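As the structure is a prediction and not an experimental result, all values here were calculated from the model. In the text below, chain A, chain B and the rest are named by the order of the sequence lines, each starting its count at 1. Values below: every heavy atom of this structure, side chains too, minus hydrogens, waters and symmetry copies.
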Amino acid sequence: MTALLSVEDLSIAFGAAEPVVKGVSFSLEQGQTLALVGESGSGKTISCRAILGILPKRARPTGRITLNGRDGKLVLSELSERRMRSVRGNAVSMIFQEPMRSLSPLHRVGNQVIEGLMLHQKVSAAQAKAAALEQFERVGFPDPERAFRAYPFELSGGMRQRAMIAMAMIAKPEVLIADEPTTALDVTTQAQVLGLIKELQKETGTAVILVTHDLGVVANMAETVAVMNKGKVMESGSAELVLRDPAHGYTKKLFAAAPMIPDVAEPAPPLPRDDLILTMKDVSKTYRVRGNSRWKPEMLVHACRGVDLAVTRGKTLAIVGESGSGKTTCARIALGAELPDPGGKVMFRASPDAEPIKVHGMSRADRTRFQRQAQMVFQDPYSSLSPRMRVIDALTEPLEIHGLGARSERRDKAAEMLTWVGLKQEMLFRYPHAFSGGQRQRLSIARALMLDPALLVCDEPTSALDVSVQEQILTLLEDIRDRAGLSYLFISHDLAVVARIADEVAVMRQGLVVEQAPPETLFYNPQHPYTKALIAAQPEPDINRPIDLKLVAHGAGSPDSWPEMYRFTADIVPALTELEPGHKVRCHA
Amino acid sequence: MSRLPDGRYVDDAPYDPDENINRIERADMDAPNWLLVWRKFKRHKLGLISGIFLLFSYLMLPFAGFIAPYTPTERNADHLYAPPQMVKFFHEGEFVGPFVYPRTAIADLENYRWTYETDMTRPMPLQFFCRGEEYRLAGIFKTERHLFCASEGSTIFLLGSDRLGRDVFSRILYGAQLSLTVGLIGITVSFLLGIGFGSIAGYFGGKIDWVIQRTIEILRSLPELPLWLALSAAVPSNWGPVAVFFIISVILGILDWPGLARAVRAKFLSLREEEYVRAAEMMGASSGRVIRRHLLPNFVSHLIASATLSIPAMILGETALSFLGLGLRAPAVSWGVMLNDAQNLASIEIYPWTAIPMLPIIIVVLAFNFLGDGLRDSLDPYED
């Protein structure tokens, strides 16, 4: 039996440089899913682009790509550009990673979806529209007619990705290439989109190539896997075999690094509350948004509502939530970068016997004092270091701003911090662009440590990194916390990451803390439907534990669909009730 | 490669799971920004050549008097409207080194113009490092040495002479001193204003931004040429040429800054969102420090590129003003002043070389544009 799509000995080089893809082979059977797994720079995306012939101009691919589909045997690697065009979007279509950028903002979603259909098949506009509406309904738009007329910016990320899927599937392709289709989405949305792809696949018999870096996604989706590293296939075979017993060292390493929600035997005791470094009391933040037109009233957006949180000294408090849940606003208020609405209080006590600083109303002197004690680690390692400053300049800058130490002392401190984060002292005189993402995140951490702070606010410090690097950075953060006696306020969207580092977790949804407990308690006995959905949506690299989509859809849906006990509306919000010691849930008790 | 019994494919090249975290990933990127830009710029041939040409042109300015055989006001009353002369090397098949044939002017009273008769029998060799009229080298040292001049009894008008018998070639060299520097002074003024207002508007936003934006819009809505004219006409006519020159370049700068301020503001707005800027703010850096240490260095290269693209506009502005008789005035020499002489259509028709100062203007403006293009293309050295 011949495979539907086979790639043999594919190599891709740019100019005269060392090839970025070396001798890659894989094949895809009818109706099956092949997962291409690897970290950034492993060549997985570019291999997929080679199938569609959409490589950059300078790329020189070699090798053979054949498609054995309904139109007979086609050697894609030898087709003319003209014939290739009739393959793209028709026999083979693609979904891209970034739903925010893969739809044209100037055209209605519906028109973009039917474009491919009109190009490849002789259908009238009315037929195309009917097909699109059907497809929209299929991918889960509640009101297809409205989605057809909508512009991309009117849709959320998840909805856009659904529209992309509709666009890719409408011509009934034989092969669908999905390039990290869910990486930019929240974990609950990810689960739903993955479920959708799987369902559509079952219905239409389309074969899928799924590019991903997440072994959890592989376990949920794929029949066969090819693990790639540095442009080569490290291991390939049936998903079950590879996931159950990885043979190659790299696969093993990926496995070890994949964050998982642990199985917990018993809940943890509540955290001690006697020595708090940071307390937030009744913190709300409301933004005024101008109405759509001059005659519409201003709208109030509640970024966070009545947040009561406290960080125990030496411990880590994690705030978890999807994008827009208000977790970043909380972090900014905690750092004094933004003021809470009147009535909210943020108190910071640098050491047990120190005078507390009122972060919500700091004088200039207070602010300077506070900035020395509380520092931040940012999300994107590529934008958090100025490209014009050498490592030493970036590291010594905080000391320079606060006028601490002589030049040589600053330099010594920088060298010391560099060794703390595991880098060598020679790195001091290099420029940030020479470093990889993980190394830059280390530098960023080193910079935050330069002032010997007591509190570190980490805003998704690992979400832009590869899994294996994420693992290293989390370990580093743990080491440093214990070594320097730091306290962390850790912002994340990923419960599995938080499970590892946090001592207490606050789950946020729509600006409210819905459940708060030590992670063990939370995983042992999740109460709130949203927490349950978050836990259920976490893809685990275990083929026997598929995502429970029903649970996810239920908890991640609108609060109106929750059980009576947990429901909240704009006006009626249940209180955060302590169900057991150290475990608070927002419910009508 | 190998196949496991269960049909799996496994790569069997040696694999080291412990990657060195101290390995430099992009050693080629480990360089200051200017070096990265230079590496990329080097590949932009047209830009590179233009850059070298401009560098030479500017380096030549202090020595213009030395290179020029005549001084700008030196009159040769016997050679009015003399056509360009060729420097020759061979006389009657024999090599004699660089020389010219002497010419005598004859008034053509029928057509009312000057014609020249060349005496092909007497080669007059050029002299090198010879004494000529006195000038100041680099504006400081008085000297009489010229790189080359004609020997007694002959003339060397490489690009002809004008209606007063002054050498066009020498005057172009002297004119370059003013015409080329007017752009530099203008751009300095424009930079100071543009960066200042642009960064204030972009960084602080709000009311200040609004006021600056509206000011820019008002300035931009004024018709440019009449405004130039009005401003230059306001310069008192009894001021010396140097004072007029400064005022003209300042006027050009004042009218140029709004465009730059807008570019700076836009760049600021986007850079302000970068995390390193937020990081600096959270460390407690003052606004001034954030602007100076983090924002400006990160788009100084964009500024340089936009400067190289606006200098030619200033050169053209000066030329236009002087051509209309409202910019620099004689005895100052600039390319625009020289073209002022070429206003008369009839004289261009009979003595086309009086319009030659257009050539250096075209060449310099093109060179600046190519250079600016090349710089702009190589500004993002981190890509590719």
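Within the 4.5 Å cutoff, no side-chain heavy atoms of A/Met376 are placed close to those of B/Glu275. Taking 4.5 Å as the limit, every side-chain heavy atom of A/Met450 sits out of range of all side-chain heavy atoms of B/Met283. Looking only at side-chain heavy atoms (C-beta outward), A/Arg388 and B/Arg293 stay at 4.5 Å or farther from each other.
For A/Thr368, no part lies under 4.5 angstrom from a heavy atom of chain B. The part of A/Leu385 that comes within reach of chain B is its backbone (N, CA, C, O), which places non-hydrogen atoms under 4.5 angstrom from that chain. At a 4.5 Å heavy-atom cutoff, A/Arg390 makes no contact with chain B through either its backbone or its side chain. With a threshold of 4.5 angstrom between heavy atoms, B/Glu273 does not approach chain A through any atom at all. Both the backbone and the side chain of A/Glu397 come within less than 4.5 Å of a heavy atom of chain B. For A/Glu426, no part lies near chain B; criterion is any non-hydrogen pair under 4.5 Å. With a 4.5 Å cut-off on non-hydrogen atoms, A/Val242 touches chain B through its backbone and its side chain both. Heavy atoms of A/Arg332 lying under 4.5 Å from chain B belong exclusively to its side chain.
Here CZ of A/Phe370 is found 9.0 Å from CE of B/Met282. Values are rounded to the nearest 0.5 Å.
Note: A/Ser236 leads A/Gly237, A/Ser236, A/Gly23 in heavy-atom pairs under 4.5 Å with chain B. With chain A as the partner, the residue from B/Arg289, B/Arg278, B/His294 showing the most heavy-atom pairs under 4.5 Å is B/Arg289.
Here the closest non-hydrogen pair linking A/Gln371 and B/Glu281 is NE2-O, 3.6 Å. Smallest separation of non-hydrogen atoms from B/Ala285 and A/Ile401: CB-CD1, 3.4 Å. Nearest approach of B/Tyr276 to A/Ser384, heavy atoms of both residues: CB-O, 3.3 Å.
In this structure, A/Arg364 places its CZ atom where only 12 or fewer heavy-atom neighbours from other residues, nucleotides or ligands lie under 6.0 Å away. Heavy-atom neighbours of A/Lys232 NZ from other residues, nucleotides or ligands within 6.0 Å: at or below the threshold of 12.
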